[in-house]
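Below: the structure, in structure tokens.
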Amino acid sequence: MEPVLNAEEPKPFAIKKTRTRFLGLTLDETIQTFFGGNAFVAVIVLALITLFLVKEGAQFFTQNRASMTVYRQAGLEYVDLMRQQEEDHIALTRYLFDVRMQAIRQYTDAEGLPLADANARLVAFDEWSGQYSDAIEPVRGLVSELTDVASAIKTKFTIAEDKAIERAQLLDEGKTEEAAAVVIETVDFKTELAVLTGTLPMFKEASVDFAGQLTALLPTAPAFSDAVLQARMDRFVALTRQYLDGFPEVVRRMETWDFEEPIPLARSFTGFIFGRQWLTASFWQDWYGVIPLFVGSLMVSAVALTLAIPLGVGAAIYVNQIATAREQRLIKPCIEFIAAIPSVVLGFFGIAVLGEALRALSQFENLHWIPGFPIAERLNALTAGCLLALIAVPTIFTLAEDALNNVPRAFREASFALGATRLQTIVKITIPASLSGIVSAVLLGFGRVIGETMVVLLCAGNRIAIPDFTAGVTVFFQPVHTMTGIIAQEMGEVVRGSIHYRALFMVGLVLFVIALLINFIAQKIVRRYRISIG
Amino acid sequence: MVTTRTASVSLAPMDSTPSAAPARAINVPQRNEPAGSARTLIEISNLDFFYGAKQALFDNTLMLDEKRVTAFIGPSGCGKSTLLRCLNRMNDLIDGTSIKRGTIKIRGVDIYQPDVDVIELRKRVGMVFQKSNPFPKSIYENITYGLRIQGIQSKSRLDEVVERSLRGAALWDEVKDRLHESGLSLSGGQQQRLCIARAIAVEPEIILMDEPCSALDPIATAKVEELIHELKKQFTIIIVTHSMQQAARVSDKTAFFYIGKLDEYDDTRTIFMNPKNAQTEAYVSGRFG
Ligand SMILES: Nc1ncnc2c1ncn2[C@@H]1O[C@H](COP(=O)(O)OP(=O)(O)OP(=O)(O)O)[C@@H](O)[C@H]1O
Ligand SMILES: [Mg+2]
């Protein structure tokens, strides 16, 4: 025995932290702070972006209200009431012209007449339609006169405002004398407008005269032997009647029109959200309605998704369920590589190749049965949509493939063991089990597409107008402008802080909200799907 | 692969009276069918099976009886599942698998001939998996799946099959009021019986079971075992199990595999009471496995 052992000191129970500290943190804590910090930065950045967008965008509404107020006070609104009558008439004449085109086609194509003969047949028609379109003259003259008056008032007011700003600036800089020298002419709307409103009796007279002419013309409307043409002509007469019935209402609105009636802030909001015109740098009045852009974005997205969903989901199903390992190794990187192509290159390709090819294709005689062929515009919603589809395919493919992969192998095995074929297993088990994942893949593809800028800017044709949906499917051959495109195109040129600048911010905000919504819904769906798989 | 198993075999089997033979801890119940009373249904001869270049089964030959329960036992990785999955060609779904030699005949027909319709084969050879895998569909749809993919749509026919299969799987009384709830809402044991019901709904001749009770508690296990006894009146059953008691309780014949080879194959009673092979003896008495 060795008693020495007992005499030894007991070993200390060393459990205290002895780690080195860095700024008072242990290594573990430092790493934690680093990662936590990074995650936090993302949250803060998102919050800042939201805040910035809202802050810059929100002032749009007050500015838009101010702009709409001037529109009213300077009498532009009043003139537009009259102008509406003129524009409706123009639309009707256009309809008439359309009927003429159809008649010519009917005579030359179906009946085989030479063009000269066809025109000869329409002499009476032309005579009549000439009278119809000239009937507006008295109203038109008045409108164009008053247009000048109203815009003069507006200009006067704008100059006065500019001067006021100039003076304020000078005062700010301490140049009191110069400031005092700035002459500000105050605009008294009431007296200025007297000229405008004083013309009401004239307008009434002109309008009655005009209505009388039209009413007199209607019974002598030219008749066609062809049933289709006659039906269109009847419709035209009915439309004109309807138009005439609206005259008293125009007058009533002009009589009750009050330049001092305030514009509610909500009007400024609805004017943006539901506004059907995006018109900037106009001599008359600027309008910031998001609808044409929104519709454009939706249309290109619709085209893109129509193409990308079958392509992306189909490829995902093939690669995940059917392809051999070698095919998988070939297809997957190829599709994923598409995502790496810079979108400006795709846009360039769209202009140079796809747009040209589509147009060339549409020139083929044999393809003229396709509605809309030959196409008038090389760059249109379809061209942009096709390229956007390319952008959406990798997103949809990758996420859908993930969703398919998440379907437990056991489901498939059970299905096979019950004597199901591969196709039955895919259709009845794998796809339903991954459906929510696929749906959210599609949603995120949609998000990707609606946010894409370069391709649409280059290939969508950039015409700011709601496309003519009466054209049926050929509406997709019309050029459109998009929410992303307009921001990219106009942001560089606008004056900071101007109403136009803020309007672009509002468009950005709309995009942001859409993206947020899409992501939110996609996440919701995925979460549901996780639970259902259990 | 050899792992030590601590005295698990010395536990008395669930449905038996305390064992009277301490030397042989496994109690083989009397209801096992006597040897030689059945016709051969499946003939496996000289089977060599490969996963790619790796051989998993070596020269296996054995005959399986009709309307009997045959148990496959053996240490983990010895190829029980592999052989089982050869019988309905589930291994075809794994890339690179091949049978380099040997045949499997069911009622005299070689199931690996090129003119065999695998889909038809799988309708006749059903399978129950180790982990219960009901589809994320209703109980009703789970059971009718196999019939619907065969194109059977008649509601009355489907209703009838659902009831018959669920009764057959001893599940009817528990779920008859909730047939349209999700199959995943059932307990683990119920899910496994649902899978059995699903398998018998297509009226196979043979049912393959790969460790059907390994995820179940003793009570659910007892229910499934009871069910197997019932099922063998109609079906030929082949069951892979790691539980010696289970093999003893449910099977008529037992095959013991060791590293891809059939080591011993005989009446269950013989395997457990009087094995010829030393390895078998060691395994069934729990000395390795
Ligand atoms: N998909 C596969 N690919 C390659 N090798 C495999 C595959 N599946 C099984 N193996 C191998 O084949 C051999 C037999 O496997 P098997 O699954 O048949 O064993 P088992 O007896 O069922 O084992 P356990 O009792 O653990 O289920 C093992 O060595 C295994 O590693
Ligand atoms: Mg196994």
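Predicted model only: the values in this text are computed from it and were never measured. A note on names: the letters A, B, ... follow the listed sequences, proteins ahead of strands, and every chain is numbered from 1. Just so you know, these numbers use all the heavy atoms, side chains as well, and skip hydrogens, waters and symmetry mates.
Most heavy-atom pairs under 4.5 Å with chain A: of the set B:Lys123, B:Arg89, B:Arg122, this distinction falls to B:Arg122.
Neither the backbone nor the side chain of B:Lys131 has a heavy atom closer than 4.5 Å to any heavy atom of chain A. There is no contact between B:Arg124 and chain A, counting heavy-atom distances below 4.5 Å. Contact annotation for B:Phe135: both backbone and side-chain heavy atoms come within less than 4.5 Å of a heavy atom of chain A. With a 4.5 angstrom heavy-atom cutoff, B:Pro134 touches chain A only via backbone atoms. Interface remark: B:Val125 contributes backbone atoms only to the contact with chain A (heavy atom separation under 4.5 Å). Looking at A:Ser415, both its backbone and its side chain come within 4.5 Å of chain B, counting heavy atoms on both sides.
Considering every non-hydrogen atom in both A:Glu413 and B:Met90, the closest pair reads O-CE, 3.3 Å. B:Ile119 approaches A:Thr421 most closely through the heavy-atom pair CD1-CA, 3.8 Å. The shortest non-hydrogen separation linking B:Lys137 to A:Ile429 is CE-CD1, 3.7 Å. Minimum interatomic distance between B:Leu93 and A:Arg409 (heavy atoms only, all atoms of both residues): O-NH2, 4.4 Å. Scanning all heavy atoms of the two residues, the minimum distance from B:Tyr145 to A:Ala420 falls at OH-CB, 3.8 Å. Nearest approach of B:Met127 to A:Ala417, heavy atoms of both residues: CB-CB, 3.9 Å.
At distances below 3.5 Å, at least one donor-acceptor pair connects side-chain atoms of B:Asn133 with backbone N or O atoms of A:Ala410.
The 12-atom threshold is exceeded at CZ of B:Phe235, counting heavy atoms of other residues, nucleotides or ligands nearer than 6.0 Å.
A distance of 13.0 Å separates CD in A:Gln424 from CZ in B:Arg148, rounded to the nearest 0.5 Å.
Under the 4.5 Å side-chain criterion, counting only non-hydrogen atoms from C-beta, B:Arg198 is in contact with A:Leu418.
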